[in-house]
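I have placed the structure first, in the form of structure tokens, so that the comments after it can refer back to it.
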Amino acid sequence: MKCVASLLALFGVFCLGAALNSWQLPDPVNLLSAINADLDIEWMSFKKSYNRTYSSNREELERRLYWEDTLRFVQEHNLRFDRGEETYTVGESDFADMAEDEFQRLYLSSLVIPPEDEREEEVVDYEDDMDMDLPLEVDWRTKGAVSPVKNQGACGSCWAFSAIGALEAAVKIKTGKAVDLAEQELRSSRCSHKKSCVGARMSGHRDTQKGSESNLAQTLNQHGPVTVAADVNSPGFMHYRQGVYNNPSCDKRRPNHAMVSVGYGSSRGLNYWIIKNSWGQGWGDKGYVFMAKDKGDLCGLANHASYPVL
């Protein structure tokens, strides 16, 4: 349990529990008439691809309407992308037949950030290294330090997957050993009473400077992957597929999802953070999202960033 406590401290958060909103559905008697019959074949293909079965005809009709709403959103968004009005594409995913408020409740409601006065860990300060030239890009995946993307499911545990993802990378960087802490820590919640359950002693964690993207970049370059939190409460993120996620409507003051930053880079004049998510490899760009960088800490990625110290 000592390791579990350390992982919680690493990210400094805890868990409360585990498009079209559910209250916007038509009256039950009108569900069938709201269905677009021209999409019957596509609907059957979606159910087969994502192994969908429903408990009743009514539930299937409701899920069908959520899915049709997702299709409309995807088509409209990607048309804007084709016109150069968006910097990323969206697409069908495992979330396509979910109501937006249902998605928020299951995936974006468990992250709680403690008050600033309760975050007592040392803050990384690079004032003496301000003249240090950072590489144009950093990607710890290419160095074999990043473990495979996992799927948290609807258990509301993004905080744990974020902390574990950064710790797995830190262990690999320090010892050269690949470990699967999701199996050891999340499922068994047990670890050794000696050095550590990961083969290296974890002495604590350090926070990056709040709101400083340059500090976060320096930390990534010098130390490795970092836990981050951001506001991702939007259909665009829910259905993200490729490109640089650039959402000016993000509220950096209200983070609702924890992830792992494993690097940064640039594409077509847009700087981005390389973010490892925990929604499975079928979501996004093989489980990753590239989020806008150097845009005033858009979505708040640099507000609550930490890395483990071994």
Residue that, paired with K276, satisfies side-chain hydrogen bond (donor to acceptor under 3.5 Å, both in side chains) out of S147, S162, S261
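So the option named by the test is S147.
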Parallel, tilted or perpendicular: which describes the rings of W273 and Y264, with under 30° parallel and over 60° perpendicular?
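Perpendicular: the ring planes of W273 and Y264 meet at over 60°.
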Please verify the inter-ring angle class for W67 with F46; under 30° counts as parallel, over 60° as perpendicular, anything in between as tilted.
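W67 vs F46 ring planes: tilted.
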Interatomic spacing from [atom1] in [X] to [atom2] in [Y] - rounded to 0.5 Å:
X	Y	atom1	atom2	result
D285	N277	CG	CG	12.0 Å
L111	N256	CG	CG	7.5 Å
L310	I173	CG	CD1	9.0 Å
E213	L220	CD	CG	11.5 Å
H304	T208	NE2	OG1	10.0 Å

Looking at Y288, is R141 sitting on its ring face, NZ or CZ under 6.0 Å from the six-membered ring centre and within 45 degrees of the normal?
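Yes; both conditions hold, so R141 lies above the ring face of Y288.
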May I ask you to check whether T87 and Y272 show a side-chain donor-acceptor distance below 3.5 Å?
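On atom types as modelled, these side chains do not qualify, holding no pair under 3.5 Å.
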Answer with yes or no whether the side chains of D97 and Y54 bring together a donor and an acceptor at under 3.5 Å.
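On atom types as modelled, these side chains qualify, holding a pair under 3.5 Å.
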I'd like to know whether the aromatic ring centres of F103 and W279 sit less than 6.0 Å apart in this structure.
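When the ring centroids of F103 and W279 are compared, they turn out to be within the sub-6.0 Å range.
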Less than 6.0 angstrom separating the ring centers of W283 and F237, yes or no?
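Yes.
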If you count heavy atoms of other groups shown closer than 6.0 angstrom to CZ of R83, is the number above 12?
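Yes, because the 6.0 Å sphere around CZ of R83 holds more than 12 heavy atoms from other groups.
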H239 side chain to F95 backbone, donor-acceptor under 3.5 Å
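Between the backbone of F95 and the side chain of H239 there is no qualifying donor-acceptor contact (under 3.5 Å).
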